[in-house]
Amino acid sequence: MEKLFTHLLENYEACVAVVLFVIGLCMLLFDRNLLKKVIGLDIMDTGTFLLLADRGYIAGRSVPIVTDGVTDMANYINPIPAGLVLTGIVVSVSVSALMLSLTVRIYKKYHTLDMDALYLMMSDRRKGGRV
Amino acid sequence: MSFVQNFPFFSIILCLLCAVATFVAGDRWGRRLTIGLLSVSIVLQSCVLWFCASNNTSYAYMMGHYPAPWGNEIAAGIIEPLMALLFSVVLLLSVLGGMDHILKDIPADRHHLYWSMVDLTLVSLLALSYTNDIFTGYVFIEICTIASCALLSAKDTGRTLIASVRYMVFALVGSGLFLIGVIFTYSITGHLLFPQLHETIAALWAEGTYRFSMTVAIGLMTAGLAIKSGLFPFHFWMPDTYGRATPASSGILSGVVSKAYILLLIKVIYRAVGIEVFAASGIQSVLLIFGIAGMIVGSVSAIRSKRLTTMVAYSSAAQIGYIYMGLGMGTQAALLAAFLHIFSHALTKPMLFLSASQLADASGGHMDFPSLQGAGHRNVTAGVLFTAGALSMVGVPLFIGFIPKLQFASAAFELTWQKWPVLLALAISTLLNVLYFLYTAMVLWLPQKDNAAFCPQERRWIASAPAMVLLAIGLVIGIHSAPLTALLQQGFALFCQY
Amino acid sequence: MMTIFRLILLTGLIVCAAATALTKKPMQAVIIYMAYSVIMSVVWIMLESPDLAITEAAVGAGITSLLLFLTLRRLNLIDRDEEHRKHEEESLREHASHAEQKEEDGHA
Amino acid sequence: MRNEKGLFRRWLNGQVDWSAMLEQDTPAAATTAAAETVPYHPHHDMASARRAIRCGQKAYTVLAIVLCLIFSAFMLLTVANLPSYGSDSAPTVNEVAERYVEKGTEETGAVNTVAGMILDYRAFDTLGESFVLFTAMCAVTMLMNVPGKRRVRKLDQDTMDYYQDPIIRTVCKLVIPIILMFGIYILLNGHLSPGGGFSGGAIMASALIIYALVWGGERASRAIPAKALRIIVLCALGFYACSKTYSFFTGANHLHSIISPGTPGRILSAGLILPLNVAVGFVVCCTMYSFYMYFRRGEL
């Protein structure tokens, strides 16, 4: 148990990333406001990226940009996570742009951002009306 | 290296170029380009399949100048081009069959974008079939998600918008979980390509280090893909998504997009993680349980639904349950059954959606059962097609749906404790299938109501031709399934060959 | 010293994320999210990834927040009396639901 | 036989009444018919459904919190079981990362290892990533594009005329070129210093967005017409895909590629990385700018 806690404290940055991921996930799943769902999605993604990037960090080493012709791995951190996160950030902004445009369209149509009310309207009509 | 081996890569790049060209071209050229692209893709995949099957080889194709652990790779054996071929065929036939509705449902200024999205969906399907790298898989999953959301929301009504938001929320949770799983795997193994992952994971598992993290990572990847393909506790987005879109989109989404996620999951399980580790981690049994639950719950929801397309959509949830049950059983016979079920479902579902939309057209655009009464008489071709699809879904011999069910049952006898639950689930689910599909077929062939508010419209025989082709392929496989089974068996040997 | 700075930044991240989750007004949530992105780009610097820091500052704090603000604007959620907005929303929603009902019936 | 055939045809035409036979067999048909006759009470349904939802809400919240706690506990346990943070003996520091750093400059010509990795070693991912942007751009166009003819009311009716304000106008005239220059600098130095196509493109887009914000959407769309944006995206993505086709094809078939890494450290070096960065930058710039225009104005 104690060992687990020390290890958890060692990996504090990953812990923060996990907490951010869970906060974002909760917002995405359980917040009723559509706009805040989108923000939750962004927070979730950044949490993931933080987790990925801190896996590449090595204490005491520097940016993986070759300086003065020194190409020894012992001087630089791992470049792979940075590249993957770069990909991820761009994916995340495209997805949130799409979600935001859906939000705008839904608001123009139904004048609400409350997902529960929207589902209610849908189920309401399904129950009674001939659809 | 033979020139044919370049074809998977060529088809992917061709799709990308066509997608961009379609975006700039107008509606008509976009449509021609897309249909041409789909046909070319069919030809290319057939060539690759023929090459691999006749030489009995599988190969990895370097994407760049750097070999395996450093560069990206795609891989092709028999399974990969076979699935890519299936995806292209179903995509082409759904698009052709739903053409009238695409032109009618979607505003004219969006047509070229719709075609562009079809191209991008094809790109992601092909890349997901061929990829040999887990992060490439993630990138193309995202393309697939965005493109399918756009296919869904292209029909401009409020309900499709709400359905797309719901779909996106679930899909994004799914890809988030998948990415976290990838990150855990990467941080334990330091690799991203399937073969290297396989080696490292097997070594780590034997050693016993990081076992817990490995289990959670596999679980997260599985859960992410399961959410995206709509396994039981997460199937709530299905009815609105599949039931409200334009029929071509419903066919594409239910027929092939969900199958592409399942194919990626199978690749992760068999090629990256390894089936031994997967079985030992205990996630296999969880998949089995959820698959069985999905079969039952999906069918019950389908019985309770009041719209035709909603019913068909819920039945998709049940069919996805079958496939996951096959993965959960874990034997090679069960995997074969799962693949056969992927075939059967991918060929039958678009046919059901296409003919359902034609039946609804014949009933004044209504989808509820009372209005559909006697619709089979008003549009005989669509009625016959729907009935055939329903029979296939139930698992009547001669139709394609019978083959996987038989295979599931025979695979179940090899198991130990899972035998009886699987057989029982198969029996109950088939019974429920009979209830709702035969009920629907009966409603279609009841005599017409006098006050039926339908508008008689000119029946275009050609409009049902793509659905008929789907039916014909299904019948051919259903009557003579030995070649496909043999091909799949041959493919498995190459698929797991590391 | 660096560790302390790092811990402060990470605490800031969690506080911002939680605050975004707990605020009721979308406008405030967006502003806090912007602060969150800026902190995040400093965290990337601490992790020796300046590539990510530049991208996050331009894309996360810049473009994404801008899109969120534009959405708020399109939704008329900026500078509006909350009560009045709710009232208006309610009436509009009723209206929309009836209109859609009619439209679907008519369409059918 | 002939009689049966006639019966079949009549049945196909819907003239045979089987409902008498089927009435006992299909009670479900009766219930759906009954459901149809129930009058439609939207308000009654709404109220009861709301009550039901409010009752379910508490259970739902509790369940959600419990699930989230279990999920985070699992994730934290996993994190505790991962390799330590910042250690140099983690499994991720393996031959893959080593080659990227140690031979990357020699093989790709890029001093910035990250740029070399994403645009040369793992270029297929990055190709996919640019197409994610393109897909999102198409999807947003599909959802948000409201051409001028169909627009009911003007979207930016209450905008101030920022460009009439002398301070804002002067400052923007000064700042926009600087931002644009900075973006281009970051774009062109992607292989030498931090940055590259994605960040440089986003910075260039922000300059364009400021222009559109201050001088208004109409003038911006006259300055940068929609057609030009489309052509730029087409050319950039086409160039990207074609050049990568060449390098993938030569690589996979073990052919000699004419692209040489050049002298590391020079601005004109690193083979395809510089042109690819420029292409990606243009794609990102156009995509972000068109996101802005669609959200703001409804058309490009």
Side-chain angles (χ1 to χ4, degrees), chain A residues 11 14 17-18 21-22 24-25 28-29 31 34 37-38 40-42 44-45 47-56 78 80-81 83-85 87-88 90-92 94-99 101-110 113 115 117-119 121-123 125-127 129-131, chain B residues 70 134-136 138-143 145-147 149-150 152-153 156-173 175-184 186-188 190-192 236 239-240 243-244 305-307 309-310 364-371 453:
Chain A
N11 275 339
V18 164
F21 181 83
V22 172
L25 190 72
L28 182 59
L29 285 179
D31 206 300
L34 199 46
K37 269 183 197 287
V38 182
L41 164 74
D42 281 331
M44 187 179 94
D45 281 344
T48 327
F49 303 149
L50 184 58
L51 181 66
L52 181 50
D54 95 306
R55 295 289 94 198
N78 185 354
I80 302 174
L84 302 187
V85 171
T87 308
V90 176
V91 169
S92 139
S94 346
V95 168
S96 42
L98 176 61
M99 283 295 278
S101 55
L102 280 172
T103 310
V104 170
R105 290 301 306 275
I106 284 187
Y107 191 83
K108 293 278 161 199
K109 202 120 197 166
Y110 293 99
L113 285 179
M115 276 319 271
L118 290 171
Y119 292 151
M121 265 195 275
M122 283 172 72
S123 61
R125 227 172 286 140
R126 191 183 298 157
K127 217 180 276 173
R130 257 170 60 146
V131 182
Chain B
W70 295 283
I134 204 162
F135 198 76
T136 313
Y138 167 73
V139 171
F140 282 93
I141 281 179
E142 291 289 356
I143 294 191
T145 309
I146 298 177
C149 173
L152 178 61
S153 57
D156 197 15
T157 62
R159 308 194 58 148
T160 44
L161 287 175
I162 299 175
S164 351
V165 166
R166 212 175 199 191
Y167 176 69
M168 276 307 270
V169 167
F170 277 101
L172 293 173
V173 170
S175 36
L177 292 181
F178 181 76
L179 185 57
I180 283 264
V182 171
I183 293 169
F184 282 153
Y186 173 71
S187 81
I188 296 166
H191 283 288
L192 289 166
F236 299 107
D240 283 323
R244 301 281 170 188
S305 59
K306 295 197 176 71
R307 284 174 89 245
T309 41
T310 312
H366 290 295
M367 279 285 184
D368 55 334
F369 288 120
S371 318

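Naming convention: chains lettered A, B, ... in sequence-line order (proteins, then strands); numbering from 1 in each chain.
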With side-chain contact (heavy atoms from CB on, under 4.5 Å) as the criterion, how do B/Leu192 and A/Leu84 come out once you've worked through the C-alpha distance, each side chain's angles and the decisive distance to 0.1 Å?
CA-CA 11 Å; B/Leu192 289 166; A/Leu84 302 187; 3.9 Å; yes

For B/Leu172 and A/Met99, run side-chain contact (heavy atoms from CB on, under 4.5 Å): C-alpha distance rounded to whole Å, both residues' side-chain angles, the deciding distance at 0.1 Å, then the answer.
CA-CA 10 Å; B/Leu172 293 173; A/Met99 283 295 278; 4.1 Å; yes

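Looking at heavy atoms from C-beta onward, B/Val165 lies out of side-chain contact with A/Lys37 at the 4.5 angstrom threshold. Using a 4.5 Å heavy-atom threshold, the side chains of A/Thr87 and B/Tyr138 count as separate. Side-chain contact between A/Tyr110 and B/Leu161: absent, with no pair of heavy atoms (C-beta onward) separated by less than 4.5 Å. Between B/Leu179 and A/Phe49 the shortest side-chain heavy-atom distance falls below 4.5 Å. Residues B/Ile162 and A/Lys109 fail the side-chain proximity criterion, which asks for heavy atoms closer than 4.5 Å.
One distance of note links CG of B/Leu177 with OG1 of A/Thr48; it measures 9.0 Å at 0.5 Å rounding. The CZ atom of B/Arg166 sits 14.5 Å away from the CG atom of A/Leu102 when rounded to the nearest 0.5 Å. A/Asp45 contributes atom CG, which lies 7.5 Å from atom OG of B/Ser175 (distance to the nearest 0.5 angstrom). Atoms CG and CZ, on A/Leu52 and B/Phe135 in that order, are 7.0 Å from each other to the nearest 0.5 Å.
Here the shortest heavy-atom pairing between B/Glu142 and A/Val91 reads CG-CG1, 3.4 Å. For the residue pair B/Gly176 and A/Met44, the shortest heavy atom distance occurs at CA-CE, 3.9 Å. Nearest approach of B/Met168 to A/Val95, heavy atoms of both residues: CE-CG1, 4.3 Å.
In this structure, no portion of B/Phe170 lies under 4.5 Å from any heavy atom of chain A. Proximity to chain B (any heavy atom under 4.5 Å) is restricted, for A/Leu98, to the side chain, taken from C-beta onward. Of the two parts of A/Arg55, only the side chain, counted from C-beta on, holds a non-hydrogen atom closer than 4.5 Å to a non-hydrogen atom of chain B.
For the set B/Val173, B/Val139, B/Val182, the count of heavy-atom pairs under 4.5 angstrom toward chain A peaks at B/Val173.
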